[in-house]
Amino acid sequence: MPRVTVDGIEVDVPQGATVMQACELAGREIPRFCYHERLSIAGNCRMCLVEVSPGPPKPQASCALPAVDGQVITTTSEKVRKARAGVLEFLLINHPLDCPICDQGGECDLQDQALAYGRGYSRFAEDKRAVAEKDMGPLVKTAMTRCIHCTRCVRFADEVAGVVELGAIGRGENMQITTYLERALTSELSGNVIDLCPVGALTAKPYAFAARPWELERTDGIDVMDAVGSNIRFHARSGAVIRITPRLNDEVNEEWLADHARFGVDGLKERRLDRPWVRIDGRLREASWPQAFAAIRRALSGVEGSDVAALVGDLAALEEIVALKDLLTGLGSARIECRLDGAEYAGHPALWRLGPTLAGLETADAILLVGANPRVDGPLVNTRIRKAVRYGGADVFRIGAPADLTVPVTELGDDLAALTRLPTAFLEARRPALLLGSRNATLPVLAAAGRLPLPRDDWNGFGVLHTAASRVGAMDVGCHMAGGLAALTRQPPRVLFLLGVDEVDLRPFTGAFLIYVGSHGDRGAAAANVVLPGAAWAEKPGTYVNLEGRVQRSLRAVFPPGDAREDWTILRALADVLGVRLPYDDLGALRARIAAEWPHLGRPGLSTLPWDPAAVPAAPPPSGPTRPGPAHLYALNPILRASPTMQACIASIVEGQGAVAEPVVA
Amino acid sequence: MSAPPPFRFSARNEAEVQRILARYPEGRQASAILPLLWLAQYQMREETGSAWLPRSAIEHVADRLGVPRIRALEVATFYTMFNLKPVGRFHVQVCGTTPCWLRGSDEVFRACLVRGLRKGETTPDGLFTLSEVECLGACANAPVAQINDDTYEDLDFVAMGRILDELAAGRTPPPGSQIGRQASCPDGGPTTLKDLVA
């Protein structure tokens with residue numbers, strides 16, 4: 001390990017570290033714009049200059065300089081101070097002083113570093129450069145005059161998103177960051193360039209002129225738009241969540257966030273259920289809570305327990321799932337089902353978990369996708385696959401319909417029978433990983449996949465790629481029944497509880513009394529006999545178990561609108577009316593009840609469960625095409641379908657690009 | 001102006017493309033982007049009389065090499081030798097950098113101006129486009145101008161005017177020094193090492 005001296009402090013740095021990393025190990029802050037830990041090194045902003053000896057007698061860019069044994073690095077000398085001030089003065093020559101009208105104001109690297117390292121005045125009296133705005137689609141707003149050409153966004157699109165759409169055209173002062181022919185960004189991760197941009201050149205279009213960062217109340221949450229469980233932060237003002245940004249968690253989302261998780265938040269304001277509704281004479285009419293509960297009690301009177309059933313929706317938190325299950329148990333029913341996509345895993349929890357884990361997926365050397373499209377099903381799973389391919393040279397195989405994954409894929413055809421004749425390159429890999437799309441996890445597929453030699457001594461390569469945030473938690477607490485959803489439709493119950501269920505064909509249940517508990521007036525509420533207004537995920541504290549089996553807690557950012565209540569309290573109150581005693585009066589007691597029966601769900605963290613070969617079901621070999629998933633991720637659930645921003649994405653990104661013109665060059 | 005037809009390499013240039021691609025190791029064919037764009041610009045001159053790269057040419061080269069289109073556009077916009085809008089039959093690039101300027105490039109520009117050539121513009125007859133460029137690398141023979149593939153050196157108002165008139169008349173004036181010296185040999189014969197010569 002090289003030993004270097006930083007401002008008189010001796011530090012040992014790992015082999016291959018840069019001078020900047022050595023300075024950080026020594027506790028020195030190095031200002032930077034273009035350098036980013038998760039992107040390749042560009043070395044073009046020159047803000048990270050330090051003095052290095054031995055070396056040339058001029059300041060060196062520390063981000064691109066390897067640390068070697070015996071180096072003496074100075075970060076506080078007069079020369080370094082002047083060099084940084086000089087770089088900032090040059091950067092500010094063409095940067096407009098429009099901070100008062102810039103959305104980055106208050107969270108701007110350039111603002112902060114100009115304050116800390118700048119001169120405080122400019123000697124540039126000439127005209128500043130002006131750059132035409134670029135249309136990057138409905139999510140990213142541009143103010144390219146503010147761009148300082150750090151190229152972080154270009155490198156992100158290339159390296160992480162894998163969608164090479166951004167570039168720097170022209171040269172010198174005329175250099176401009178743009179998309180090819182100014183088309184909208186099509187990446188499902190495009191919002192991350194907003195976080196990466198160190199200035200206000202790329203900002204969030206839906207958030208434009210909405211708030212200042214210091215006015216916002218921040219609350220830590222967990223994303224529910226897919227099953228990855230990305231760590232997020234709600235930014236709220238005046239009782240409304242205004243935006244969502246990612247939180248750092250290297251084991252889950254690193255520091256990225258998919259576009260539907262970031263921008264679907266304005267769906268919280270639209271199509272909300274803010275009071276109970278009861279269907280009278282075929283029409284839903286506004287009602288009070290007691291009236292709604294009374295209607296449910298009437299509907300349940302004289303109904304056998306076995307004639308009551310419940311479906312658990314994709315966005316439900318663990319607390320309300322357990323409350324619903326307890327309510328059903330109290331009513332004498334065990335007919336509760338969460339596998340709304342037709343999956344048939346059951347039995348052992350390892351059968352519905354992502355065995356390799358998200359971070360472990362990066363170390364896989366062969367990845368087989370079965371009926372899954374990670375770019376839609378879990379964009380941040382796809383970034384891990386990309387890392388495995390880019391840095392580990394992993395081979396990716398696919399059984400299913402072709403779709404662009406941004407990595408080279410060996411197609412094995414869209415026939416599940418291919419599972420029984422897999423290429424040796426996959427079977428003989430050192431760390432093979434299988435990603436089974438949840439909607440294709442039928443018994444024959446599970447039987448064939450479960451018998452592959454994937455679990456090794458220190459590696460479990462069997463993984464299910466879930467799309468529902470509630471799924472793993474609901475499975476763990478036993479919300480599944482023999483025969484699944486198909487059995488329910490064959491033998492429809494007389495009373496059916498829908499806990500935020502909007503993606504299921506409800507026609508088989510037209511004869512049943514439907515009780516919908518949820519936040520949005522979508523398909524479920526439209527078909528229901530009683531609608532009970534619940535809280536959306538930002539409006540309640542909740543526990544979510546992600547696709548790896550990681551237990552994570554989300555906090556309440558704002559209160560639900562109108563008469564809407566937290567879902568588990570609705571079920572608790574309803575239970576009283578129905579004469580069922582649920583033994584918890586507050587969230588702590590409910591969580592204690594969960595922890596008592598399922599200890600691994602009682603504490604946050606990864607709940608790993610060893611692979612059990614005996615749990616693999618027996619079934620005939622699979623055959624036939626895979627079940628296709630949604631074509632895009634902008635309308636996966638009621639919140640996204642209510643979001644004006646997501647509708648704009650569909651219009652602009654999915655349904656086509658406008659006419660294009662010859663490239664215009666200054 | 002209507003959009004030009006989709007660009008394709010001609011049969012003769014297709015052979016040249018193969019020759020260029022063979023220069024690079026397998027898997028490194030993207031390196032051929034500069035020569036291929038350059039070849040495409042030559043072909044445009046042969047076919048249309050205007051050496052420029054339409055969007056379809058950039059996209060054709062990018063697709064041929066498996067390079068993302070934005071990457072090819074970056075290259076094409078970075079180098080000033082690629083023209084991204086149509087130019088005249090003769091692209092007159094006059095150097096305005098310090099050595100040429102000290103040696104009278106203003107007079108060269110004036111010779112252009114009196115014939116209707118304005119910086120950055122194409123003459124109405126489509127014959128000339130005038131560009132002011134940075135150093136052309138022939139400072140010893142300043143002032144210089146590059147017209148299509150030929151460099152004209154040791155220019156002044158009269159020489160530049162004569163060259164433009166000749167070109168307009170359909171003749172090709174001899175390139176190189178316009179005061180009769182060979183390459184960048186001293187003007188008026190050797191000035192040093194005369195004894196050795198004798």
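Values below: all heavy atoms of this structure, side chains included; hydrogens, waters and symmetry mates excluded. In what follows, chains carry the letters A, B, and so on, assigned in the order in which the sequence lines appear, proteins first and then strands, with residues in each chain numbered from 1. Remember, predicted model here, so these are calculated numbers, not experimental data.
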Within 6.0 Å of [atom1] in [X], more than 12 heavy atoms from elsewhere:
X	atom1	answer
A:E126	CD	yes
A:F90	CZ	no
B:D149	CG	yes
B:R23	CZ	yes
A:E37	CD	yes
A:R32	CZ	yes

Handout entry: B:R55 CZ to A:Y180 OH distance, which is reported to the nearest 0.5 Å
Key =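 B:R55 atom CZ to A:Y180 atom OH measures 5.5 Å (nearest 0.5 Å).
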- Which value, rounded to the nearest 0.5 Å, describes the distance between A:I177 atom CD1 and B:E74 atom CD?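 Answer for the CD1-CD pair, A:I177 versus B:E74, is 8.0 Å.
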State, yes or no, whether a side-chain contact exists between A:Q176 and B:T77 at a heavy-atom distance under 4.5 Å.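 A side-chain contact is absent here, since even the closest heavy-atom pair is not under 4.5 Å.
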Side-chain touch A:R171/B:T80, heavy atoms, less than 4.5 angstrom: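 Yes; the side chains approach each other to less than 4.5 Å.
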- Toward chain B: residues of residues 147-167 of chain A with heavy atoms under 4.5 Å: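 The stretch touches chain B at A:V154, A:D158, A:V164, A:E165, A:L166, A:G167.
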